[in-house]
Chemist: 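Below is the structure I would like to discuss, written out as structure tokens.
So you know, we letter chains A, B, ... as the sequences are listed, proteins then strands, and number each from 1.
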There are 2 protein chains.
Amino acid sequence: MTADRSSSGNRRYDPDRKERIIEATLEVIAVQGVSGTTHRRIAEAADVPLGSMTYHFASLDDLIEQAFLKLTQEIAHHFDDAFRKAQTVDEAREAVVEVICGWFAVTERKMTLILELYAYVARNPQTRHVMTGWMAKSRQALERHFSPDVAASLDAMIEGASIHNFMHPDGISREAARLIVAKLTA
Amino acid sequence: MTADRSSSGNRRYDPDRKERIIEATLEVIAVQGVSGTTHRRIAEAADVPLGSMTYHFASLDDLIEQAFLKLTQEIAHHFDDAFRKAQTVDEAREAVVEVICGWFAVTERKMTLILELYAYVARNPQTRHVMTGWMAKSRQALERHFSPDVAASLDAMIEGASIHNFMHPDGISREAARLIVAKLTA
DNA sequence: GATTTATGCGTACAAACGTACATAGTGCAA
DNA sequence: TTGCACTATGTACGTTTGTACGCATAAATC
């Protein structure tokens with residue numbers, strides 16, 4: 001439907017096709033879940049022929065893994081940014097609150113993708129490195145401002161609170177989050 | 001392969017077949033994920049004919065939802081038990097530590113199922129009641145011993161810490177958990 | 001024992017799947 | 001312009017999927 005490809009003499013110069021396929025994969029997973037993610041749906045979403053799938057990626061699982069890797073890298077990058085900006089411990093505390101109450105909760109898409117990732121990793125141990133890599137980066141970002149133990153507890157709390165806020169509309173308020181963070185970092 | 005059904009005149013008196021199908025569904029989801037869960041695999045796991053699937057359940061999604069409901073009810077029941085047994089606040093605190101470090105971490109199967117559930121609910125909003133019901137029960141159990149706000153924070157921490165412990169072998173130790181719980185319930 | 005009713009199941013079917021591969025198209029060297 | 005090496009694609013194949021449905025069979029009633 002996005003035209004361009006089906007018209008204009010077909011074959012086009014398309015240097016970042018691979019990248020676009022990966023992004024389309026995340027889009028499909030977000031809407032259909034891993035269980036509904038197929039070569040054909042991704043190809044349609046990325047506006048590329050079906051043959052491109054097996055040409056650029058060894059298998060569907062290979063593609064899904066690369067998509068999830070990209071997802072975690074992007075999130076980790078934003079996460080790191082947020083804590084790099086913080087100058088004081090108090091600003092870092094506020095950043096944690098923001099991550100819990102503002103950032104994740106806003107984008108249902110991102111949370112859905114993360115949950116799909118967790119389930120996927122749980123069932124495909126060979127992809128666990130995607131998770132451990134992500135967690136290591138998050139931990140590192142938090143350890144700019146907090147001790148390793150406190151960083152670990154904050155990381156876990158961010159995880160749990162994000163999920164709960166996603167599942168339950170009136171989960172944890174900004175004030176409540178502020179109090180929790182204060183307790184954990186006291 | 002489990003015999004019995006294929007021999008002995010076939011049709012058998014089987015009053016809790018429906019229940020067994022639900023349990024088999026959880027088994028299949030735990031191993032194959034929702035994405036690999038099919039009528040045929042469930043039927044084989046439950047040792048019932050394929051026809052039984054559409055006879056007892058309106059659709060595959062209907063069956064999956066019922067299976068997840070059963071899962072959450074069982075977990076909530078155990079959870080409630082643990083906190084009902086606690087007589088003092090300190091015992092309740094220790095119960096939280098146990099939930100984080102002992103209980104979930106032990107059974108990979110259970111954690112996998114929970115993560116599959118999250119992903120499923122995220123993508124099927126009409127099944128969100130399964131989650132909200134579960135969360136309400138957990139909250140209730142915690143509120144036997146803690147204020148609503150503290151209960152909420154403990155619940156979130158349990159969530160996040162369990163997941164992190166599952167993904168990363170050396171996640172949060174028992175001592176670390178004890179300290180965190182102490183901080184949150186101070 | 002005969003007849004009826006309700007329950008359960010084997011089987012078939014169209015649709016969708018992952019993947020392989022012959023072939024068509026394209027930029028580049030000469 | 002021609003030839004070549006390489007990239008990309010359309011298509012076909014064998015499986016597996018969810019679901020529907022006609023028929024077999026057990027239980028109930030007389």
Chemist: Among Val48(A), Ile29(A), Leu60(A), Leu50(A), which residue meets the side chain to side chain contact (heavy atoms under 4.5 Å, CB included) test with Ile42(A)?
Modeler: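 Result: among Val48(A), Ile29(A), Leu60(A), Leu50(A), Leu60(A) is the only option passing the side chain to side chain contact (heavy atoms under 4.5 Å, CB included) with Ile42(A).
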Chemist: Is the distance between the ring centroids of Tyr118(A) and Tyr118(B) under 6.0 Å?
Modeler: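 Judged by ring-centre distance (under 6.0 Å), Tyr118(B) and Tyr118(A) do not meet the cut-off.
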Chemist: Rounding to a whole Å, what distance do you find between Met53(A):CE and dA8(D):P?
Modeler: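 Rounded to whole Å, this separation is 12 Å.
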Chemist: For Arg174(A), is there an ion pair with Glu98(A) - N to carboxylate O distance below 4.0 angstrom?
Modeler: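 Between Arg174(A) and Glu98(A) there is a salt bridge, with a charged N closer than 4.0 Å to a carboxylate O.
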Chemist: Just how far, in rounded Å, is P of dA20(D) from CZ of Arg40(B)?
Modeler: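 Computing the Arg40(B):CZ to dA20(D):P distance gives 13 Å.
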Chemist: If I take atom OH in residue Tyr55(A) and atom P in nucleotide dA24(C), what distance separates them, rounded to the nearest angstrom?
Modeler: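 So the OH-P distance, Tyr55(A) to dA24(C), works out to 18 Å.
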Chemist: Rounded to the nearest 0.5 Å, how far does CG of Leu63(B) lie from NZ of Lys18(B)?
Modeler: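 Nearest 0.5 Å value for the NZ-CG distance: 10.0 Å.
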Chemist: Just how far, in rounded Å, is P of dT15(D) from CZ of Arg41(B)?
Modeler: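 That distance rounds to 16 Å.
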Chemist: Within this structure, what is the CG-to-P distance between Leu60(A) and dC17(C), rounded to whole angstrom?
Modeler: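 The answer, rounded to whole Å, is 10 Å.
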Chemist: For Ile42(A) and dT9(D), give me the distance from atom CD1 to atom C1', rounded to whole Å.
Modeler: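 Distance, rounded to whole Å: 17 Å.
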Chemist: NA contact type, Thr37(B), heavy-atom cut-off 4.0 Å: base, sugar-phosphate, or nothing?
Modeler: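 The residue Thr37(B) makes sugar-phosphate contact but no base contact.
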Chemist: Just the rounded figure in Å: distance from C1' of dT23(C) to CG of Leu50(A).
Modeler: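 Answer to the nearest Å: 16 Å.
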Chemist: Answer with yes or no whether the side chains of His129(B) and Glu65(B) bring together a donor and an acceptor at under 3.5 Å.
Modeler: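 Side chains of Glu65(B) and His129(B): pair found under 3.5 Å.
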Chemist: Check every atom of dT17(D), dT19(D), dT19(C) against the side chain of Thr38(B) and return the nucleotide holding the closest atom.
Modeler: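 Looking only at side-chain atoms, Thr38(B) lies closest to dT17(D).
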Chemist: On DNA chain C, compare the nucleotides closest to Thr54(A) and Gly36(A); which residue's is nearer the 5' end?
Modeler: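 Closest to the 5' end, via its nearest nucleotide, is Gly36(A).
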Chemist: Closer than 4.0 Å, any side-chain N/O of Ser52(B) to the OP1 or OP2 of dG8(C)?
Modeler: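 For dG8(C), neither OP1 nor OP2 has a side-chain N or O of Ser52(B) closer than 4.0 Å.
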Chemist: Rounded to whole Å, please give me the gap between CG in Leu63(B) and P in dT19(D).
Modeler: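 Leu63(B) atom CG is separated from dT19(D) atom P by 10 Å.
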Chemist: Taking the side chain of His56(B) as its heavy atoms from C-beta onward, which of dG10(C), dA8(D), dG8(C) lies nearest to it?
Modeler: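 Closest of the options to the side chain of His56(B): dG8(C).
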Chemist: Looking at the side chain of His39(B), which of dT19(C), dT19(D), dC9(C) is the nearest nucleotide?
Modeler: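 Side chain of His39(B) sits closest to dT19(D).
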